[in-house]
Every structure is written in C-alpha cells, then in structure tokens.
Asks: 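Handing you this structure, nothing more for now.
Worth knowing before you read on, the calculation uses all heavy atoms, side chains too, and leaves out hydrogens, waters and symmetry mates. Here is the naming used below: chain letters follow the sequence lines, and residue numbers restart at 1 for every chain. Predicted model, so just to flag it, every value in this text is computed and none were measured.
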There are 2 protein chains.
Amino acid sequence: MAKNEKVTIYDISKRLNISAATVSRALNNNPKISEKTRELVMKTAQELNYKQNRLALALKSGKTNSIGVIVPYINRNFFSAVIDGIEKQLTPHGYNMIICQSHEDAINEADHITSLLNTQVDGIFMSVSMTTHDTIHIEKILENNTPLIFFDRKKDIPGVSSVTIDDFRGGYMATEHLIQQGAQRIAHFCGDLNLEIYKNRNNGFLRALEDHNIPINKNLIIHTNSRIEAGAEAVAKLWSKKNRPDAIFSSSDYAALGAIQELRKLKVKIPEEVGVVGFSNEPFTKYMELPMSSIDQTPVTMGEIAAQVFLEQINNKQHVLSVEKRVVLAPELVVRKSSNKMKSFKGTPPVSTE
Amino acid sequence: MAKNEKVTIYDISKRLNISAATVSRALNNNPKISEKTRELVMKTAQELNYKQNRLALALKSGKTNSIGVIVPYINRNFFSAVIDGIEKQLTPHGYNMIICQSHEDAINEADHITSLLNTQVDGIFMSVSMTTHDTIHIEKILENNTPLIFFDRKKDIPGVSSVTIDDFRGGYMATEHLIQQGAQRIAHFCGDLNLEIYKNRNNGFLRALEDHNIPINKNLIIHTNSRIEAGAEAVAKLWSKKNRPDAIFSSSDYAALGAIQELRKLKVKIPEEVGVVGFSNEPFTKYMELPMSSIDQTPVTMGEIAAQVFLEQINNKQHVLSVEKRVVLAPELVVRKSSNKMKSFKGTPPVSTE
DNA sequence: TATTTCTTTGCAATCGATTGCGTATAACTA
DNA sequence: TAGTTATACGCAATCGATTGCAAAGAAATA
C-alpha cells in the first residue's frame, strides 16, 4: 500500500511461505501448479497490488516489447499519420513506441539507431532522411539481428521489408487526370531526383505523356524543392515566357500551393486556364479557398501495414533466417476544384474533416 | 564480430583476466582504477565492440532513461509540435520518448498510464483527454512516485507541475484586437465550458468587452465544437437574423475556417464587414487564400519548457518530497488578413514556412 | 626491518523474473 | 506392502551491470 515499495514475487512468496519459482509459475498459468496454489497466488498478488517488473522480464527474455520509429519530422502530417497507423496495430499487442526525429540529418539518424539498439527495441521502423546516402549505420540494425521495416522512403538493402506507395502510379494518375481534363502542355515540378520517390513520380509523369502521345518538353520540367516559394518562383518564370503551360503537376503540395498563389496574383484562372495537382494530400489542401487536387499516400494504412509486416516477421523468426516483404500501396487521386473543369463536381467523395 | 552475440563486461574481464567489477569501474571512470587498467579496458571494449546493456542497468538502477508522453492525437499539429519541443530538450540528455495516444478517451488514457508505469518510465508528460473527469488513474502516477508534468490541458492535482498557456490572455488579446479594428458586435464561438481552456478563453473575451465598455450580448455567444461545419452553421444562424456581428472570435481555428467559408458564400466581405480571429494557429491558417488571424500557443516552446521542468524536478528529487511548478506561457496574436482592416499589413512577422 | 597507509582489485550480493533439473509427497499399480 | 508413476513444488543458475566491503600488494613511514 505504501507509495514507494514495489511488490515483487518474493513478497508474495514470503507471504504464502512458498518459493518465488512457484509464484512465477502460478502467475504465468503454468500447468504444473495446482489449482489451489494458483488461486492463492493470484489473490495475494491482487491484494498486494503486484505488478510485473518489465525490466527484469526484458533482461531475462531479451524482449522489451517496445519498437522504435525514426522519421524525419514527427511534426509533419504524413509522418504523424503513419505513426498513428503503427500505433493502432501495435498497441493491442502490448508494444510501446519510441519515436525519434532525424530532422533530415543522417548523423542524427545514426545516433538514434545506436540508441534504439542499446535500448534493445524489438524492431525498428524508419523512413530515411534526405541526407542519408550510405547505409552502414542502417546495416548495424541487421547485424544486431533486429527486424527493420522501411516505410515510404527506403534504401535497397537485401532482406529488409518495406511499405511504400507506388509513386510512379501516383505521378501517372495525376498526369493522366490532367490530360483527361484537356491539358496538353503540362508542367512538372519535380523534387530531388536522387530520391527514389521523386524519380518515380517523374517517371510516372513522363510515361503518362508518352502513353497519350504528348511530346515531352524539357522546358516544362522544373526542379524545385518542397517549399511554397519554390512553386511561386517556378510559376513566375514559366509565365514570363511564351508557350505557357495549361496544367501543373507538382510532386509537392507546398510547391503547388505557391504556384496557385502566384497564378492568382497573375489573374490566371484555375482550373479553367490552368489545372493544378499536388502530391501528398496535406490537410491544408482541402481547406483552401480553392481546394487543391492531390495524390493521397494513405499514410495511416501505410503504418498499419508496416506494423503487420513486423508482426509477421517476428513470428516467423524462429525458423526463417531472413524474410523480406515489399508492400507497395496504391495511391489515391483526390480530385478537387484546382483541376476539375467539369461543372458537376465528380471526384472522390470529400475526405472527412478534422 | 559475429552477428548475434552480445558482448558483456564478462567477456572483457575474461579476455584481460580481471574481474567484471574492475571492468565496470574502469568503464565508468571510477578513480579507484589505475590508469593502466582503465586504458586496457577501454581499448578492449572498443575492439570487442562492447555496448552497455541498458536493460541490466535499468534493472539495477531503477532508471530507464525513457519518458512517456500521452496526447489525445499525435496526428494533430499542436501536439506533434509539443512533442518536438520535448524531444529537443530530452534527446541530448539521453532520454527516449514513448508516445501514446488517448484518442480523447479516458479509458485509453488509463491503460497507457498503467503500461508506462509498468515500463518504469522516468517521467510522464500528458495533456488530458476531453473525456477525463475523475483523476484516480492519473493519481496512480504519483503513488508510484513518478514525476508527472501536464501540458496545455491539465487537472488540478496538488504537487503536479504544469505548462500551459494563458488562455484568458489569448481570448482577451484576440477580442481587444478586433475592438481596435473597430468591431463593436463581436460574436464568440466557444467550446465545451467544462474544459478549463475554453472557459478561460471565454472569460478573456468577456473581460475584454467589459474593459472596453461593450455590452455583453448573449445572443452572440455560440457554443460550437471544433469542427468546420459547426462554424459554418453558426454563421448561417447568425446571418439569418438581424443585428449581425461585425467580428468573430472563435476558440477553434476549424470553426473559424467554417465561418469564413460560409461568409464568403454569403458574399460578406472579410475583413471589411467582418473580422475573424481563430485560436491555435494551425498550419492551414496561413496557407488560406485569405490568411486567418489566430492565437499561437507556441507549442514547441511549451514542450521545451515542460522538459526543462521535468529535468529540474528529477534533480531535486533526493531531498524534496514534492515540487510543483506551474508555468504559464504568453500566447501570441498572429494578425493576418482575416482581421486586418489597415492598409499596411502590421502584424507579427510572417511565420516561417514549411 | 617492521609497521602503517594507500592503491588497486576481487568477492559476492543485488536488481526481479524465469526455468531446467531434481525431489518430496501423493496416488496408483501389481 | 513394495514398487512405480504422477503431481507439485523448491533449488539455484541466469540475464548484465553495479557497488559495499574486504583484502592483497605496493609504497611510505618509523
């Protein structure tokens, strides 16, 4: 009852004049314990308010029942939504989640990996930072025999499972949608091509043009980062020349936002003169005065599936040396006003608010 | 070098033919160890790639070097920003953060508390859920002698530290700002008055009116929740009658957003005819076509200070029985277009994007 | 040289829970 | 009744690291 003293199985064993071993077995429903003692132990445990010491258990078993998650920024809707998905699946299994931010810095990433391995987490989920090039620090996870699951941003390491979306398809869908809306001169804002995700979105864009017999115009492919200003600048430049585009597919919602802001300054009508589609379906896209079409990456689902892959993996562990599962999710096109010329709004049903 | 085998101090001790105790002391720079042995141990530890087993340490010391954070939703900018702040301060001290979501459900909250206490975290940070009324599950944290820090949403429990913002002041500032813009009939969308934060915002609103000799008109106080629709409905109702308001102070950014959307449908000019100020400074507010004024709760600072309070608390622990520190942060008014009638934009400098 | 005082190191217990192995008692068979 | 087989439980080691106490060896003093 006292505030501080933790009750252990030894306290129970003393109280009942039996050994701690028996108490432990009774508590774990070991069949070798008689019904009578088991009940007695259970009752006493309740009375004394016994709580199992997870540290002792962890030391003995080597399992901590906690997993680590490394993301660039927790403070970004996409990542926090993935974490939400992971939590949904893992909490019922008694896991705790340890969250770390890399801040897009490979060194932080490495430090967090070291720390998580020292903590002996039962698994690590990560989305690699933009500045991560070599993977020696990531391979330490495997050397340590800790399950690793990549989500969204991955590295090609044999034996490592991953859950990503089909960025190629996302790029293709966005582009094809614009073409179906009548666009012929589509500009593409593409991110750092060293990152798989941007390369794939770009490839999807190119393929869609090809499939629809639209010539590729390199002047319409603008390399931008994911900032609002970058989108605004890109538009300013494009509109300062002749042969302006009649649509924009941006691989970033933020750059697309900047583009829309700039277009409105220039009195360009959206979507009549220019259709715009972004990527990621950030929450703000649907709150805009002129709601923006975007590609949804289904982050919650991504987290849930990553968690499921992890659970499968640890269940097979006893016999299998290495499992690798690569899940690729289908992105979803969310059509909103910024790209919809049809009178009757005909897109996916509005995403639920809040 | 082998993948799996963990190196312990015993491995080092065998290699050097000394006792594990000596190895342990050498590793911890205990002055009773000779320079020669210390160096030898250090070198060997490096060679063998020794890593301290934090579980063993935790079992021995009772300290896990991890803290728990319980928030309603991680997937909400305010909360993930607070977590970001906590992380900033605690990572350098070697702490891991275990994140839990209550989903605004008191039962989840209680379960997470139990789990965190079993994990023996060194401290718990929490923002209580909306459905939490009694506090017995929270008091278990104290009975367990675990430091507890409330942030933003707190309960009055003696001996518990908290970091909140001055919601009264926030309400006052928003209202006064609208008055200074010439408003005389200010509507207030207020949330559930059972929650301290909404009650305080409401009181701030009332006091500002009083201080400026504006009569309080109960018809202008609308009880809404934090959803877009609620704001739109409130506007629809207000504008269906005579004596319409000339300003709106909403205790929720979402309700304010709904209000703006509805006002635009009604062709009401913002801010000329009606000024609008929200609360929380959600990211979308600055991305809107008509950027919304709002009250910033400085969540990152809130997290940082909460972490500092925690660190102070555990450092005093040896002598002090109970410390309680209540930090109240000043909210910041961010003036944007939705409430600014002056020609020259004169508000706080624009928040950095991304 | 004998005695005292430091240095430096080792022994063994401890933090709780688990578990292989062994054994006392009870129950059963011949 | 003697012998066999379950049944129920205890002993002691284990998971790694830490630490109070004791002791061996070295250095210093008388």
Side-chain angles (χ1 to χ4, degrees), chain A residues 4-42 44-45 48-66 94 117-122 144-146, chain B residues 4-42 44-45 48-66 94 117-122 144-146:
Chain A
N4 214 357
E5 18 184 91
K6 316 253 174 186
V7 180
T8 73
I9 52 172
Y10 295 96
D11 298 316
I12 300 177
S13 74
K14 270 176 211 150
R15 182 78 105 78
L16 296 177
N17 251 322
I18 57 180
S19 78
T22 302
V23 174
S24 171
R25 282 191 261 254
L27 254 17
N28 288 298
N29 286 315
N30 184 312
K32 299 207 153 188
I33 298 297
S34 73
E35 200 52 42
K36 205 180 293 178
T37 356
R38 185 195 325 287
E39 277 169 17
L40 210 55
V41 168
M42 292 294 194
T44 314
L48 263 43
N49 191 28
Y50 166 78
K51 298 275 189 277
Q52 192 191 47
N53 185 323
R54 286 180 61 173
L55 292 176
L57 180 57
L59 176 58
K60 191 83 220 299
S61 68
K63 275 202 59 183
T64 52
N65 263 284
S66 61
L117 292 179
N118 282 345
T119 306
Q120 285 167 270
V121 291
D122 296 343
N144 199 75
N145 248 321
T146 301
Chain B
N4 215 356
E5 16 183 272
K6 316 255 175 186
V7 180
T8 72
I9 52 171
Y10 294 97
D11 297 316
I12 299 177
S13 74
K14 271 177 210 147
R15 181 78 105 76
L16 296 177
N17 251 322
I18 56 179
S19 78
T22 302
V23 174
S24 171
R25 282 190 261 253
L27 254 17
N28 288 298
N29 286 315
N30 184 313
K32 299 205 154 189
I33 298 297
S34 73
E35 200 52 42
K36 205 180 292 178
T37 359
R38 185 196 325 287
E39 277 169 16
L40 209 57
V41 169
M42 292 294 194
T44 314
L48 263 44
N49 192 28
Y50 166 78
K51 298 274 190 272
Q52 192 191 46
N53 185 323
R54 287 180 59 173
L55 292 177
L57 181 57
L59 176 58
K60 189 82 220 297
S61 68
K63 277 202 59 184
T64 52
N65 263 285
S66 60
L117 292 179
N118 283 346
T119 306
Q120 285 167 272
V121 291
D122 297 343
N144 199 74
N145 247 322
T146 301

Asks: Provide, to the nearest angstrom, the distance between the CG atom belonging to A/Leu27 and the P atom belonging to C/dA17.
Replies: 8 Å
Asks: Give me the bend of the helix from C/dT1-D/dA30 to C/dA30-D/dT1, using the axes of the five pairs at each end, rounded to 10°.
Replies: 60°
Asks: List every contact pair, protein side and nucleotides 19-23 of chain C side both N or O, where the distance is under 3.5 Å.
Replies:
| from | atom 1 | to | atom 2 | distance (Å) |
| --- | --- | --- | --- | --- |
| C/dG20 | O6 | A/Arg25 | NH1 | 3.4 |
| C/dG20 | O6 | A/Arg25 | NH2 | 3.0 |

Asks: From the options A/Lys60, A/Arg54, A/Gln120, select the one residue that forms a side-chain contact (heavy atoms from CB on, under 4.5 Å) with B/Leu55.
Replies: A/Gln120
Asks: Show the atom names and distances, to 0.1 Å, of all donor-acceptor pairs under 3.5 Å that link a side chain in residues 29-36 of chain A to residues at least two apart or in another chain.
Replies:
| from | atom 1 | to | atom 2 | distance (Å) |
| --- | --- | --- | --- | --- |
| A/Asn30 | OD1 | A/Lys32 | N | 2.8 |
| A/Ser34 | OG | A/Thr37 | N | 3.3 |
| A/Ser34 | OG | A/Thr37 | OG1 | 2.4 |

Asks: Considering every strand and a 4.0 Å limit on heavy-atom distances, what is the contact class for B/Lys51: base, sugar-phosphate, or nothing?
Replies: sugar-phosphate
Asks: Is any side-chain N or O of A/Ser34 closer than 4.0 Å to OP1 or OP2 of D/dC9?
Replies: yes
Asks: Just N and O in the side chain of A/Gln120: are any of them under 4.0 Å from OP1 or OP2 of D/dG16?
Replies: no
Asks: If only side-chain N and O atoms of B/Tyr10 are considered, is one of them under 4.0 Å from the OP1 or OP2 phosphate oxygen of D/dT14?
Replies: no
Asks: Partners of B/Ser66 by side-chain hydrogen bond (donor to acceptor under 3.5 Å, both in side chains), sequence neighbours excluded?
Replies: B/Thr64
Asks: Could you tell me the separation between the CG atom of A/Asn29 and the C1' atom of D/dA8, rounded to a whole number of Å?
Replies: 16 Å
Asks: For B/Ile12 and D/dG16, give me the distance from atom CD1 to atom C1', rounded to whole Å.
Replies: 12 Å
Asks: At 4.0 Å (heavy atoms only), tell me whether A/Ile9 reaches a base, stays on the sugar-phosphate, or touches nothing.
Replies: base
Asks: Quick one: A/Ile33 CD1 to D/dA6 P, roughly how many Å, whole number?
Replies: 19 Å
Asks: Which atoms form the tightest heavy-atom contact between B/Thr146 and B/Leu117, and what is the distance?
Replies: OG1-CD2, 3.7 Å
Asks: Nearest 0.5 Å, please: how far is CG in B/Leu27 from CE in B/Met42?
Replies: 5.5 Å
Asks: Under the side-chain contact (heavy atoms from CB on, under 4.5 Å) rule, collect the residues that match up with B/Lys51, sequence neighbours excluded.
Replies: A/Asn118, B/Asn49
Asks: Rounded to the nearest 0.5 Å, what's the gap from CG on B/Asn53 to CD1 on B/Ile9? Could you check?
Replies: 10.0 Å
Asks: Quick one: does B/Ser61's side chain have a donor or acceptor within less than 3.5 Å of a partner on B/Lys63's backbone?
Replies: yes
Asks: Measuring from atom CD of A/Gln52 to atom CG of A/Leu57, what distance do you get when rounded to the nearest 0.5 angstrom?
Replies: 4.5 Å
Asks: In whole angstrom, what separates A/Asn30's CG from D/dA8's C1'?
Replies: 10 Å
Asks: Would you indicate what A/Leu55 reaches in the nucleic acid, counting non-hydrogen atoms under 4.0 angstrom: base, sugar-phosphate, or nothing?
Replies: nothing
Asks: Just to be sure I understand the rule, does B/Thr37 reach a base, reach only the sugar-phosphate, or reach nothing, if contact means heavy atoms closer than 4.0 Å?
Replies: sugar-phosphate
Asks: Name the nucleic acid region contacted by B/Leu59, choosing base, sugar-phosphate or nothing; use a 4.0 angstrom heavy-atom cut-off, strictly under.
Replies: base
Asks: Give the nucleotide from the list D/dA8, D/dC11, C/dG16 with an atom nearest to the side chain of A/Ser19.
Replies: D/dC11
Asks: Describe the nucleic acid contact of A/Lys36 in one word from base, sugar-phosphate, nothing, applying a heavy-atom distance below 4.0 Å.
Replies: nothing
Asks: Among the nucleotides D/dA17, C/dA17, C/dG10, which one has an atom lying closest to any side-chain atom of A/Ala56?
Replies: C/dA17
Asks: Rounded to the nearest angstrom, tell me the gap between atom CG in A/Leu57 and atom P in D/dG16.
Replies: 14 Å
Asks: Which donor-acceptor pairs under 3.5 Å do the side chains of residues 12-23 of chain B make with protein atoms, sequence neighbours left out?
Replies:
| from | atom 1 | to | atom 2 | distance (Å) |
| --- | --- | --- | --- | --- |
| B/Ser13 | OG | B/Tyr10 | O | 2.8 |
| B/Ser19 | OG | B/Ala21 | N | 3.4 |
| B/Ser19 | OG | B/Thr22 | N | 3.2 |
| B/Ser19 | OG | B/Thr22 | OG1 | 3.1 |

Asks: Tell me: CD of A/Glu35 to P of C/dA26, nearest whole Å?
Replies: 20 Å
Asks: Once you round it to whole Å, what is the distance between P of C/dT25 and CD1 of A/Ile18?
Replies: 17 Å
